[in-house]
Structures are given as structure tokens and as C-alpha cells.
Amino acid sequence: MPELPEVEINKQYFDLTSLNKEVTDVLVRDDRILELEAEEFKELIIGNKFKSTIRHGKYFFVELDSFYMLLHFGMSGDLKYFEKMDDEPKYSKIIFHFKNGYYLSYISIRLFGSVEIVKDVNDFIKKKKLGPDAFKMTKDEFLQATKRRNGMMKNLLLNQEFIAGVGNVYSDEILFRSSVSPKRKITDLNEKEIDMIFKQIKEVLKFGINKRGDWTSYPEDSLIPHRKNNNNCPSCGERLSIMEASGRRGFYCSKCQI
DNA sequence: AGCGATGTTCGCCG
DNA sequence: TCGGCGAACATCGC
């Protein structure tokens with residue numbers, strides 16, 4: 001549940017289910033996900049309300065009275081709003097109980113990601129050195145960044161200090177639709193290609209949100225459904241190639257992506 | 001049984 | 001200073 005579109009879906013889900021309801025209890029099922037003591041966390045949240053939310057890249061901030069609760073979903077985080085304790089989802093780590101009787105669970109299978117308290121969103125973004133949110137990034141910011149950076153294009157897309165929100169899967173799709181190889185050096189890209197990549201960042205992420213993060217319903221001509229060993233390019237039929245960038249496996253077509 | 005998985009971080013090296 | 005690499009974190013599923 002992790003790249004920008006999935007986090008955005010979680011934000012919409014959170015806003016719809018969990019805003020402006022008094023939290024009457026907090027159940028900590030596994031405190032390893034918490035960046036602070038469970039007791040301290042409970043004290044801050046219980047009796048409070050979630051007032052609003054902000055998403056920056058893959059980071060999700062929930063506003064409370066004088067601070068923010070930050071949720072990062074890691075590789076396997078999710079949210080679930082439910083009515084009866086019998087329906088508590090598997091791998092729940094933190095559960096908020098609302099005055100109306102419902103619960104909201106922060107789910108995480110692999111325990112990557114975290115739940116923490118931050119004073120100020122902008123300070124946090126600055127401290128983490130996060131780049132602009134992928135949706136808010138302007139073309140000018142993108143151009144500037146490509147000029148002062150080197151290395152492989154895929155690494156740049158995965159670098160949250162450059163652009164916040166793009167992860168491994170969507171970076172593959174963005175480069176596929178741009179006909180640019182993930183291994184291309186940033187300095188070698190021409191203006192047209194940079195324009196195309198910028199455009200595809202927005203379109204691919206927007207498409208992901210419209211699909212509500214459901215990769216099984218992608219059209220056949222997308223790369224995402226084919227990101228598997230021994231699969232072929234949906235465009236030319238060539239066997240897909242695999243490369244590594246930032247420790248992640250990238251899939252691409254060596255024929256269609258230059 | 002072993003390996004890879006939507007992420008981040010840190011130390012090391014050139 | 002930057003870019004790249006490998007490992008570490010924890011756990012599930014193929």
C-alpha cells in the first residue's frame with residue numbers, strides 16, 4: 001500500500017471515515033511501529049480528534065490540536081475502518097477507537113514504515129530533505145533538478161529528495177510510457193524526453209489514483225501488469241529486461257525504451 | 001528452502 | 001559532494 005497513489009487513496013479513506021470524531025481509546029498491538037513510547041502516544045491521542053490531513057509524497061500527516069501524527073506506510077501499510085472487534089484486520093499494529101463505536105486500524109505486515117508525532121509538517125519535510133510532492137512539482141523545478149543531477153534516470157525518480165512520491169513500480173511505468181530506458185543518464189536526455197517524463201509522472205500517478213491502486217485492472221498496454229520474470233513487452237512483444245537501481249528491480253523493454 | 005516484495009536509512013567506496 | 005552499492009529492518013507468499 002505504499003506509493004503516492006496508494007497513500008492518496010488512504011488519505012481519502014481516512015478523511016471519509018475518521019475525521020472529527022473523538023478518539024476514546026488507542027490499542028497498541030505492536031509498539032515496534034511507534035517512534036515513541038506507547039503510553040506517551042496514547043496520552044497524546046486519547047480524548048483528541050483528527051482535524052485534517054496532509055499528504056506529501058508517501059508521507060501522511062494527521063492534524064491534532066497542537067501537533068501532527070505522521071503515518072508512513074512502508075511497503076505493506078494500510079488502513080481499515082471497521083465496526084466490531086471481531087472484524088479486526090490481521091496485522092493490525094495500532095487501532096484507534098472512536099466515540100461512535102467504530103475503529104480505525106493502521107495495518108502493517110512487514111513493519112516497515114512508522115507512526116510518529118511531529119510538531120510541524122514543513123519542519124519535518126525540511127529535516128527529511130524531501131523534494132516537492134510529485135503532483136505539486138512544477139516543470140521548472142523538474143528541469144532545474146535534472147540539470148543539477150547526474151546518474152541513472154530511474155534513480156532520480158526514486159530519490160525522494162528530488163521528487164516525493166514516486167516508487168519502484170510507478171517509476172517503471174513512467175519510463176515505459178516515456179520510451180526512456182531506466183538506465184539512461186540524466187545528462188543524456190534531450191528536452192523532448194524530459195518534457196515527456198515530466199508529463200508522464202503526473203499522468204501515471206493520476207491514473208493510479210483513478211484506479212484506486214488496483215494494479216489488477218490495468219489495461220493490457222501498461223507495463224505494470226507485466227512486471228514479472230519472463231514477461232513480454234505489451235507494445236512490441238520483446239522479452240522484458242531487468243535492471244537494478246537503488247537496490248530495486250526495474251523492468252523495462254530494451255527495444256521500446258531508449 | 002530460498003528468494004523477492006509498493007520503502008527508508010546508513011555506512012562505505014570511488 | 002555526489003552517485004552507487006549493499007546491508008539492515010520484519011514478515012509473508014510463491
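Here is how names work: the chains are called A, B, and so on, in the same order as the sequence lines, proteins then strands, and each is numbered from 1. None of these values were measured; they are calculated from a predicted model.
- Classified by interplanar angle (parallel below 30°, tilted 30° to 60°, perpendicular above 60°), the ring pair A:Phe14/A:Phe60 is perpendicular.
- Atom C1' of nucleotide B:dT6 and atom CD1 of A:Ile107 are separated by 15 Å, given to the nearest angstrom.
- Nucleotides B:dT6 and C:dG4 place their C1' atoms 22 Å apart, quoted to the nearest Å.
- In this entry the distance linking CZ of A:Phe73 with C1' of B:dA5 reads 18 Å, nearest Å.
- Other residues, nucleotides and ligands place more than 12 heavy atoms under 6.0 Å from the NZ atom of A:Lys211.
- Comparing C:dC9 with B:dA1, their P atoms sit 22 Å apart, to the nearest whole Å.
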* Structure fact -> Scoring nucleotides 7-14 of chain B by protein non-hydrogen atoms under 4.0 Å (B base, S sugar-phosphate only, - none) yields BSS-----
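- Two residues are said to be in side-chain contact when any heavy atoms from C-beta on lie closer than 4.5 Å; A:Leu19 and A:Thr53 meet this criterion.
- Side-chain N/O atoms of A:Thr138 and A:Asp140 include no donor and acceptor closer than 3.5 Å.
- Taking the charged nitrogens against the carboxylate oxygens, A:Arg55 and A:Glu8 do have a contact shorter than 4.0 Å, which makes a salt bridge.
- Counting any heavy atom pair closer than 4.0 Å across all strands shown, A:Tyr170 reaches no nucleic acid atom.
- Judged by atom type and distance alone, A:Arg249 does not reach the base of B:dA5 through any side-chain donor-acceptor pair under 3.5 Å.
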* Using a 3.5 Å limit on both pairing distances, list the dot-bracket string of DNA chain C from the 5' end; Watson-Crick and G-U wobble pairs count, crossing pairs take [ ], interstrand pairs take |. => .||||||||.||||
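- Toward the 5' end of DNA chain C, the nearer of the two residues A:Arg148 and A:Gly247, judged by each one's closest nucleotide, is A:Arg148.
- Residues A:Phe96 and A:Tyr106 place their aromatic rings such that the two centres sit no closer than 6.0 Å.
- Annotation: side chain of A:Met69 is not in contact with side chain of A:Glu63 (no heavy-atom distance under 4.5 Å).
- Taking the six-membered ring where the residue is Trp, A:Phe142 and A:Phe198 present tilted rings, their angle falling between 30° and 60°.
- In this entry the distance linking CZ of A:Arg110 with P of B:dG4 reads 14 Å, nearest Å.
- For DNA chain C, the span of nucleotides reached by chain A at under 4.0 Å from its heavy atoms goes, 5' to 3', from C:dG3 to C:dC12.
- Note that CG of A:Leu4 is 5.5 Å distant from CG of A:Asp133, once rounded to the nearest 0.5 Å.
- Across all non-hydrogen atoms, the minimal contact from A:His56 to A:Ile125 is ND1-CD1, 3.4 Å.
- Inter-residue side-chain proximity for A:Ile201 and A:Phe135 is flagged as unmet; no heavy-atom pair is nearer than 4.5 Å.
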